[in-house]
Amino acid sequence: MPGSEIMTPILVIGGAGYIGSHMVRMLSHEGFQPVVFDNLSTGHRECVPRNTSFVKGDLCEAQDLEAIFKKVRFEAVMHFAASSLVGESVQNPMKYYENNVFGFLNLLKVMLKYNVKNFIFSSTAAIYGEPKRVPVREEDPKEPVNPYGRSKLMIENILNDVSKTTPLSYAALRYFNACGAHPGSETGEAHVVETHLIPNVLKVASGEKEALTVYGDDYATPDGTCVRDYVYVQDLCRAHLLALKALKRGMQSDVFNLGAGKGTSVKEIINMAEKVTGKSIPVEMGRRRPGDPPILVASAEKARALLGWEPGTSLEDMVRTAWEWETQSQHRGQSQLSTAAIACAPY
Ligand SMILES: NC(=O)c1ccc[n+]([C@@H]2O[C@H](COP(=O)([O-])OP(=O)(O)OC[C@H]3O[C@@H](n4cnc5c(N)ncnc54)[C@H](O)[C@@H]3O)[C@@H](O)[C@H]2O)c1
């Protein structure tokens, strides 16, 4: 545990969610003091460690933010909270502009008011839309094809503008496909509406679902199925730590792709899941989904060069940790992972 960092309070917005709950553990392990702020709309109180300060609050309620900033002097804010279902964003764009953009503006205002300078933002590969070339580099065109991606790009643009005239320094981290779970299964992916491939494949392996729908096998890819860049959730969190340390050392505000830099097809994921679980995964062939590019792979060179980030976890390890989490959460009973608040630590 690096002594110099002991008990530095870091506000983790969305720390009860999938990626945020991993981040909270890593921050504690590294000697920081994470404070979770979450409205539990898609997160789970049980995914926040008992000894971590938890505030139930909503980004869209400015007074909830004001109350916590008044009490604690934060060194940095990590902002994971968002509505993040692509299909829902097309059906209900106002929800996305309100929760993601308006919520972020409330947060930004209170950070500026209390002079909290370091900010790490969960952005997404969705801001690129259908990329013109792969691997995708940070400077490539940003043409999001849905309100979710547009809401994230708006936030990046606001950060860029505001950081030029205020002390704010930020790192916008554009995740590709986050996957896997905590190596000790303390937390993992537990979205109420699960749209991600690996947990859905594993739900078929565990018998929770009958078959996996594959959306198209006639793409111009080696096996006809879509190719994506799967990055281990712990590797993502490691990048946040590196970005935090770099900002504290005075790094200029910047944007980084976070992907493993390697493409994996839907069929390869299914094969790996069959290997890890020892079960066969029945597949149903569905139609292509509009806006699904054949290949989406990151260039992670910039994060490697400037942050020293090394996303080295194998696909097998990512799928294995996800499987361990999936089987253990079945034992625990998913229903216990509620989105309702239970006794919250004071803060
Ligand atoms: N999971 C991925 O593969 C992926 C890929 C790219 C980007 N991202 C981004 O990473 C972030 C985290 O994703 P995740 O998969 O962990 O999502 P998640 O839904 O599991 O976590 C989001 C958390 O934010 C909380 N939250 C939402 N709105 C809030 C509000 N108004 N006030 C307070 N809390 C609120 C939720 O309750 C939840 O705990 C999101 O911003 C998402 O857009 C995720």
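Worth saying up front: this structure is predicted, and the values here are computed from it rather than measured. Counting starts at 1 for both ligands and their atoms, following the listed order.
Ranking the protein heavy atoms by distance from atom 11 (C) of ligand 1 puts Phe80 O, 3.0 Å first. Closest protein heavy atom to atom 22 (C) of ligand 1: Thr42 OG1, 3.8 Å. Nearest protein heavy-atom contact of atom 10 (O) of ligand 1 is Tyr175 CE1, 3.2 Å. Of the protein's heavy atoms, Lys152 NZ, 2.7 Å lies nearest to atom 41 (O) of ligand 1. Nearest protein neighbour of atom 34 (N) of ligand 1, counting heavy atoms only, is Asn39 N, 3.1 Å. Looking at atom 13 (O) of ligand 1, its nearest protein heavy atom turns out to be Ile19 CD1, 3.9 Å. The protein heavy atom nearest to atom 37 (O) of ligand 1 is Asp38 OD1, 2.6 Å. Ranking the protein heavy atoms by distance from atom 32 (N) of ligand 1 puts Leu59 N, 3.0 Å first.
In the vicinity of Gly43, heavy-atom distances shorter than 4.0 Å reach the ligand 1 atoms 36 (C), 37 (O), 38 (C), 39 (O). Contact atoms of ligand 1 toward Thr124: 6 (C), 7 (C) (distance under 4.0 Å to a heavy atom of the residue). Ligand-side atoms of ligand 1 in range of Gly57: 32 (N), 33 (C), range being under 4.0 angstrom from any heavy atom. Those atoms of ligand 1 with a heavy atom of Asp58 less than 4.0 angstrom away are 30 (C), 31 (N), 32 (N). Counting the atoms of ligand 1 from 1 in the order shown, those under 4.0 Å from a heavy atom of Leu40 are 37 (O). Those atoms of ligand 1 with a heavy atom of Ser41 less than 4.0 angstrom away are 26 (N), 27 (C), 28 (N), 36 (C), 37 (O). Annotation for ligand 1: atoms under 4.0 Å from non-hydrogen atoms of Gly17 are 20 (O), 21 (O), 38 (C), 39 (O).
The closest side-chain heavy-atom distance from Val101 to Tyr96 is not below 4.5 Å. Residues Tyr219 and Arg288 meet the side-chain proximity criterion, which asks for heavy atoms closer than 4.5 Å.
Only side-chain heavy atoms of Ser84 come within less than 4.0 Å of ligand 1; its backbone N, CA, C and O stay farther off. Within the 4.0 Å heavy-atom criterion, the part of His196 lying near ligand 1 is the side chain and not the backbone. Using a 4.0 Å cut-off between heavy atoms, Ser123 contacts ligand 1 through its backbone alone, with no side-chain atom that close. Within the 4.0 Å heavy-atom criterion, the part of Asn99 lying near ligand 1 is the side chain and not the backbone. Contact annotation: for His191 versus ligand 1, heavy atoms closer than 4.0 Å belong to the side chain alone.
Between Ile19 and Ala178, the shortest heavy-atom contact is CD1-CB, 3.8 Å.
Between Phe80 and His240, the ring centre distance stays below 6.0 Å.
For atom 9 (C) of ligand 1, the nearest non-hydrogen atom from the set Phe104, Tyr18, Tyr148 belongs to Tyr148.
Counted by atom type alone, Ser84 and Tyr148 present zero donor-acceptor pairs between their side chains at under 3.5 Å. Side-chain contact check for Asn118 and Lys248: no donor-acceptor pair (N or O, by modelled atom type) lies under 3.5 Å. In this model, a donor atom of one side chain and an acceptor atom of the other lie less than 3.5 Å apart for Glu156 and Ser123.
A side-chain contact (heavy atoms from CB on, under 4.5 Å) with Ile68 holds for exactly one of Ile13, Val35, Val110; it is Val35.
Ring-plane geometry between His191 and His196 is classed as perpendicular, the angle between the planes exceeding 60 degrees on a 0 to 90 degree scale with a lower cut at 30. The aromatic rings of Tyr18 and His22 sit perpendicular to each other, their planes meeting at more than 60°, with 30° as the lower class boundary.
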Walk me through whether Asp317 and Arg320 qualify under salt bridge (charged side-chain N to carboxylate O under 4.0 Å, His left out).
CA-CA 5 Å; Asp317 283 346; Arg320 187 180 42 74; 3.0 Å; yes
Applying salt bridge (charged side-chain N to carboxylate O under 4.0 Å, His left out) to Asp292 and Arg287, what does each step give before you reach the verdict?
CA-CA 11 Å; Asp292 249 356; Arg287 288 192 182 178; over 6 Å; no
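Under a 4.0 Å N-O distance rule, the pair Arg238/Glu30 qualifies as a salt bridge.
Residue-to-ligand polar distances place Ala178 within reach of ligand 1: an N/O pair is separated by less than 3.5 Å.
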